[in-house]
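Order of the sequence lines fixes the chain letters, A, B, ..., with proteins taken first and strands second; residue numbering starts at 1 for each chain.
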There are 2 protein chains.
Amino acid sequence: MSDAEQTRQNILTVAADEIHQHGFKATSLSVILNRCEISKGALYHHFSSKMALGYAVFEEIYTPMFLELWQSALAVDDPIEGLCDFFTAITEQMSCSEVVCGCPLNNLCEEMANVDEGFRLRILALQEQLNQSIVDAFEKISDDLRADLALSQVSYFIVATLNGATTLCKSSRNKALFQQVIAELCLYTRALKK
Amino acid sequence: MSDAEQTRQNILTVAADEIHQHGFKATSLSVILNRCEISKGALYHHFSSKMALGYAVFEEIYTPMFLELWQSALAVDDPIEGLCDFFTAITEQMSCSEVVCGCPLNNLCEEMANVDEGFRLRILALQEQLNQSIVDAFEKISDDLRADLALSQVSYFIVATLNGATTLCKSSRNKALFQQVIAELCLYTRALKK
DNA sequence: CTTGCAACATACCAAGCGGTTGGTTATTAT
DNA sequence: ATAATAACCAACCGCTTGGTATGTTGCAAG
């Protein structure tokens with residue numbers, strides 16, 4: 001990788017972390033500049049504006065991260081158990097501060113969807129893509145599932161609950177509450193089977 | 001009500017609306033000043049800081065609003081149906097822009113819980129109070145409910161899903177998605193009964 | 001060897017923010 | 001009636017923000 005590309009990637013990585021921790025608006029360019037040890041001219045050489053940097057972080061960091069994460073959870077023989085394992089792994093592997101930090105996609109949706117159309121459409125596209133992945137996985141084992149299910153509705157329900165759980169435990173700063181909701185979510189998910 | 005108290009209440013009402021629409025940090029004092037047609041001196045006579053105003057909005061506007069809302073949903077013979085009616089009423093009565101605006105409590109939790117301890121503790125207290133109300137209502141009809149339920153866990157699960165549903169539909173700007181998740185939530189809630 | 005552009009650095013700018021200061025008017029208690 | 005204080009206003013302040021204009025360095029092609 002060239003030096004310039006290395007600089008660009010470094011900016012993206014640091015920006016992704018800052019945005020995850022503090023949100024997009026509260027992320028200060030000067031902090032990114034300090035952490036990367038570069039000047040403002042360097043940043044504006046690679047990105048035309050703060051918004052453009054935000055979009056790049058979303059497309060080049062968050063999007064592939066999420067797709068990989070969910071695909072690996074769903075690309076198993078039993079996606080129901082794959083999802084439950086995935087959820088449980090989050091509660092176990094993530095530190096308390098990471099859990100409290102929340103899901104980058106959910107955070108951005110909450111913060112930016114009502115403010116900026118560019119973010120909104122990118123978030124929407126990714127959410128629909130993830131939802132379709134879940135529905136596809138469910139349809140592959142539809143013989144094992146209850147017949148009365150509206151699969152897309154169920155999928156959005158699961159994602160909504162997962163997101164709601166992360167937000168909820170921000171006030172308690174405690175993984176315990178998160179784990180409880182996840183436990184109930186696993187009960188619900190497993191009950192989708194016949 | 002005295003003129004002074006009228007001014008104070010007006011500030012609180014306008015601030016509550018601005019915070020609901022744009023979040024706490026993005027709420028500008030100058031906008032509140034313009035909408036209330038008062039000077040900055042007037043605002044700082046009634047509130048010592050922006051943070052103090054935020055706390056007052058939370059305690060004097062949001063908290064009573066939420067307690068009344070949930071109490072009225074739960075103070076019926078069948079709180080299960082009370083909750084489902086409550087959720088359905090939200091989807092039906094609220095305008096699309098109101099739905100997209102989200103729940104003030106959830107918004108503040110997402111935005112401020114990780115940033116300000118004062119907000120965090122107030123949010124936590126209200127969430128626990130609401131959760132206890134739900135648990136209490138469930139316990140009153142525990143004979144009709146399944147025996148295997150962890151009531152507090154179930155209660156948090158419901159609230160998490162409700163909040164997650166509001167956040168989800170911010171990206172689609174559409175009530176339809178919200179209604180779907182709520183429909184699934186009602187299915188789950190009614191399935192709590194024997 | 002030089003020309004040109006990519007890849008930065010430095011210094012600066014206007015705007016908006018929360019907050020303060022000093023003063024004025026209105027109300028209330030004595 | 002007067003003193004005191006509550007209620008309010010206009011102007012200003014320091015600070016941070018995203019963004020820009022100008023300058024410098026280094027490599028790479030001609």
Sequence neighbours left out, cut at 3.5 Å: what donor-acceptor pairs do the side chains of residues 134-142 of chain B make with other protein atoms?
residue, atom, partner, partner atom, Å
D136(B), OD1, Q132(B), NE2, 3.0
S142(B), OG, E139(B), O, 3.1

Protein-nucleotide distance ([X], atom [atom1]; [N], atom [atom2]), rounded to Å:
X	N	atom1	atom2	answer
D3(B)	dT28(C)	CG	C1'	14 Å
N34(A)	dT16(D)	CG	C1'	13 Å
I32(B)	dC17(C)	CD1	P	11 Å
Q6(A)	dA7(C)	CD	C1'	14 Å
E18(B)	dC17(C)	CD	P	11 Å
H22(B)	dG16(C)	NE2	P	15 Å
L29(B)	dG16(C)	CG	C1'	11 Å
E37(B)	dA10(D)	CD	P	12 Å

[N] OP1/OP2 closer than 4.0 Å to side-chain N/O of [X]:
X	N	answer
H45(B)	dC8(D)	no
S28(A)	dT16(D)	no
H46(A)	dC8(C)	yes
T7(B)	dA7(D)	no
S30(A)	dT17(D)	yes

Discussion item. Checking contacts here: which listed nucleotide (dC9(D), dC8(C), dT20(C)) is nearest the side-chain heavy atoms of Y44(B)?
Written reply: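 Comparing dC9(D), dC8(C), dT20(C) against the side chain of Y44(B), the answer is dT20(C).
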
Practice prompt. Select one nucleotide: of dA10(D), dG19(C), dG18(D), the one nearest the side-chain heavy atoms of K50(A).
Written response: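 Of the options given, the side chain of K50(A) lies nearest dG18(D).
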
Worksheet item: Checking all strands, does S48(B) fall into the base, sugar-phosphate, or nothing category for heavy-atom contacts under 4.0 angstrom?
Response: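 Touches nothing.
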
Fill in: Residue closer to the 5' end of DNA chain D, G41(A) versus K25(A) (nearest nucleotide)
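Nearer the 5' end of the strand: K25(A).
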
Practice prompt. Using only heavy-atom distances, determine whether the side chains of S155(B) and N131(B) contain a donor-acceptor pair under 3.5 Å.
Written response: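 Distance-only check passes for S155(B) and N131(B).
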
Practice prompt. Decide whether E184(A) and Q180(A) meet the rule of one side-chain donor and one side-chain acceptor closer than 3.5 Å.
Written response: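 Absent: no donor and acceptor within the cut-off.
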
Worksheet entry | Ring geometry between F157(B) and Y188(B) (parallel below 30°, tilted from 30 to 60°, perpendicular above 60°) |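 Tilted: the ring planes of Y188(B) and F157(B) meet at 30° to 60°.
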
Worksheet item: Could you state the interatomic distance from CD (E81(A)) to CZ (R190(A)), rounded to the nearest 0.5 Å?
Response: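 Answer rounded to 0.5 Å: 4.0 Å.
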
Item to complete: Ignoring hydrogens and angles, answer whether the base of dG19(C) and the side-chain atoms of K40(B) contain a donor-acceptor pair closer than 3.5 Å.
Response: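 Answer is yes: a donor-acceptor pair is held.
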
